[in-house]
Every structure is written in structure tokens, then in C-alpha cells.
Amino acid sequence: MLHEMGPYHPECPERLSAIGDRLIAAGLDPYLLHYTAPAVTREQVARVHSAAYIDEIENAVPESGLHYLDPDTALNPHSLVAAKHAAGAVTLAVDLVMAGECKTAFCAVRPPGHHAERRRAMGFCLYNNIAVGAAHALAHHGLARVAVIDFDVHHGNGTEDIFAGDARVLMASTFQHPLYPYSGTENVAANMVNIPLAAGSGSDAFRDAVREHWIPALDRHRPEIIYVSAGFDAHREDPLAGLKLTESDYAWVTRELVAVANRHGKGRIVSTLEGGYALSALGRSATEHIRELLAA
Ligand SMILES: [Zn+2]
């Protein structure tokens with residue numbers, strides 16, 4: 001909540017309150033187990049980011065004000081602490097799910113992560129939280145096959161940069177194209193299932209992509225755990241993009257992923273917040289996603 005990038009930045013602390021408030025209003029909150037995210041360790045981050053990059057952002061934290069890493073991404077004095085706990089949330093979630101304490105987990109974290117590349121911060125992202133989590137399952141828990149699903153409206157270029165060519169990791173995504181960061185359609189590696197959607201696409205195009213491309217690829221890969229880069233900015237009310245999903249699409253895709261996880265991965269799903277900038281739509285969408293994870 002202390003990480004903020006200026007008064008008009010869409011990636012704002014209120015995003016987390018919007019989700020928390022809606023979970024309470026929907027009556028789901030009493031059924032959730034809440035955990036406090038630990039800080040990630042340098043060793044855990046170094047599985048997916050270069051040592052030079054880790055040092056670079058450690059040294060860039062300002063004593064006051066903002067330090068810009070790119071035109072959209074800034075550090076305030078609290079940002080790196082937030083980033084460490086955001087990535088740490090995903091590693092804790094992996095540990096809980098692998099230990100069987102939970103079947104599914106949702107990490108309500110900021111900053112998001114899927115644009116952060118191995119050597120570069122960008123697009124509101126510092127550490128690639130989901131990549132840190134996926135690498136933790138591979139290195140620490142000894143899993144052989146994981147999947148990363150990304151339904152954020154923006155392509156997860158950072159996750160692709162980190163895992164392209166790593167046959168242990170299947171990444172399947174949908175994203176609006178063309179749109180920031182303009183990646184995902186060229187030089188795609190064999191382990192990437194990227195489905196670009198034209199501006200204006202809605203429920204039908206999204207569900208077709210999931211049924212025709214994601215599910216068959218997931219069934220071939222048989223992931224032992226599924227990660228979700230849960231960005232809710234493909235919602236029709238979102239101001240940053242032009243897809244037209246609704247909360248019912250997020251509920252539907254979550255049920256589809258639960259079914260895949262039950263077939264191949266003991267039901268294990270670790271989901272983490274990425275984008276979503278219309279506060280009411282974000283709260284409603286995340287709540288429907290979490291409702292289905294709870295029911296899994
Ligand atoms: Zn996004």
C-alpha cells in the first residue's frame with residue numbers, strides 16, 4: 001500500500017482495497033485463509049533475474065520522491081520492499097500448495113510482475129513475481145512440468161523472456177494485439193502458446209482461444225501446478241485497453257483451469273494479480289476468480 005508511483009498512476013494502492021472490499025461485500029472473505037507475504041530471498045529472485053539487474057534496482061531506490069526506471073515504472077522509497085513481498089507471496093503460495101495446506105492460492109500483490117524481464121524493469125513491474133514462483137517450484141520442489149497462464153490484456157513479455165525455450169514451462173496467453181508491449185507474435189518459442197486478440201474482442205473470441213489453443217496444449221504438457229498471471233484489464237470497463245471481457249468470463253476460465261489442474265496437477269493453482277485498472281471491475285472480476293478457486 002506504500003508503493004505508489006504518483007497521484008495519477010493507474011497502478012495504485014486502491015487496487016488492493018478494491019479487491020479486499022469486494023471479497024467482504026460478496027461474503028467470501030470469511031472462507032479465505034489470509035497469509036502475510038514474506039520477503040523473497042535474493043537466491044529466489046536470482047533464478048529469474050540477473051545479478052546485475054537485482055543490484056541495479058537495489059541501488060536505484062530513492063530516499064524520497066520517485067526514481068523512474070521507464071516512463072511508466074517508478075520506485076518510491078517503499079517500492080522495493082513491496083516488490084520483495086509481492087514475489088515472496090508467490091513463493092509462499094507455492095510452498096503452501098505443495099505442502100497440501102491449500103489447493104489453490106491467490107496473491108493480492110503490487111507491483112505486478114509479468115512485464116519484468118530477466119534484465120529489465122518495465123510496464124509497472126519490478127520483479128517477475130510469477131516467474132519467481134514458477135522457478136521456485138522447479139528448483140526447490142523439484143517439479144518437472146509447470147504451466148503459466150496469462151490472461152492479462154497485455155502480453156507477458158517478461159515471463160516469455162525468462163522462460164522462452166525452457167521445455168519445463170508451458171506459457172499460454174491471450175492479449176490484445178497490437179497493444180503495449182507489442183510483443184508476443186514474433187519469434188515465439190515452442191513452449192509459448194500466444195493468442196493475440198483484436199481490439200473489441202469479447203467473450204466468444206476469448207473462450208474460443210482458451211478451448212482451441214490453451215486446453216489442448218495444457219493437456220499435452222500435463223503441468224504439475226498451474227500459475228495464473230491474473231490481470232483483469234481485459235474487462236470491458238478497463239480504461240487501458242479495448243477487450244470486452246466480463247466477470248463471468250473470468251469465472252469461466254478459472255473453472256476451465258481448475259479442471260485441468262484436477263486432471264494433471266492435484267488441483268494445484270497459484271494465481272497472482274497483474275493488471276486491472278477500473279477499480280470496481282477489478283474488484284468484481286478478482287472476486288469471481290477467487291470464488292472459483294475457493295470452490296475448486
Ligand atoms: Zn495489463
Side-chain angles (χ1 to χ4, degrees), residues 3-6 8-16 18-19 69-74 82-83 86-87 90 106-117 120-131 133 148-163 171-185 192 194-202 205-206 209-210 214 227-247 249-250 253-254 271-286 288-289:
H3 163 61
E4 55 89 21
M5 298 184 280
Y8 305 107
H9 202 294
E11 205 291 277
C12 59
E14 290 76 12
R15 298 178 62 233
L16 293 181
I19 295 172
L69 299 168
D70 86 357
D72 304 316
T73 314
V90 186
F106 180 77
C107 305
V109 297
R110 302 176 49 249
H114 74 151
H115 293 307
E117 299 183 345
R120 177 164 69 147
M122 60 182 273
F124 317 163
C125 301
L126 301 179
Y127 293 146
N128 194 313
N129 306 319
I130 203 150
V148 177
I149 297 296
D150 191 328
F151 55 63
D152 191 279
V153 79
H154 303 98
H155 177 242
N157 62 291
T159 315
E160 179 168 287
D161 173 62
I162 290 164
F163 290 127
M171 181 176 176
S173 69
T174 49
F175 51 93
Q176 183 179 330
H177 184 77
L179 184 71
Y180 181 90
Y182 305 100
S183 55
T185 58
M192 298 286 149
N194 292 341
I195 311 299
L197 300 173
S201 298
F206 174 68
V210 171
W214 288 9
Y227 292 86
V228 184
S229 262
F232 298 100
D233 42 10
H235 194 282
R236 62 166 60 242
E237 292 169 27
D238 200 275
L240 265 59
L243 296 189
K244 295 186 172 176
L245 301 192
T246 65
E247 31 293 36
D249 294 308
Y250 294 114
V253 71
T254 308
S271 175
T272 187
L273 181 64
E274 301 282 1
Y277 305 100
L279 293 178
S280 171
L282 169 64
R284 281 151 29 218
S285 300
E288 293 315 305
H289 175 59

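In this text, all values refer to a predicted model and were calculated from it rather than measured experimentally. Whatever order the structure lists ligands and atoms in, that order sets their numbers, starting from 1. As a basis for the values below, the full set of heavy atoms in this structure was taken, side chains included, without hydrogen atoms, waters or symmetry mates.
A tilted orientation is assigned to the rings of F151 and Y250, their planes being inclined by 30° to 60°.
For the pair OD2 of D233 and ND1 of H154, the angle whose vertex sits at the Zn ion (ligand 1) is 100° to 10 degrees.
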Before giving the answer on side chain to side chain donor-acceptor pair (under 3.5 Å), spell out for H114 and T159 the whole-Å C-alpha distance, their side-chain angles and the decisive distance to 0.1 Å.
CA-CA 6 Å; H114 74 151; T159 315; 5.4 Å; no
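A pairwise comparison of heavy atoms in A209 and I195 identifies CB-CG2, 3.6 Å as the closest pair.
No hydrogens or angles considered: nothing links the side chains of H9 and E4 as a donor-acceptor pair under 3.5 Å.
For the Zn ion (ligand 1), the N/O/S atoms of E274 include none lying under 2.8 Å. Within the 2.8 Å limit, H114 places no N, O or S atom next to the Zn ion (ligand 1).
For the Zn ion (ligand 1), the nearest N, O or S atom contributed by D152 is named OD1.
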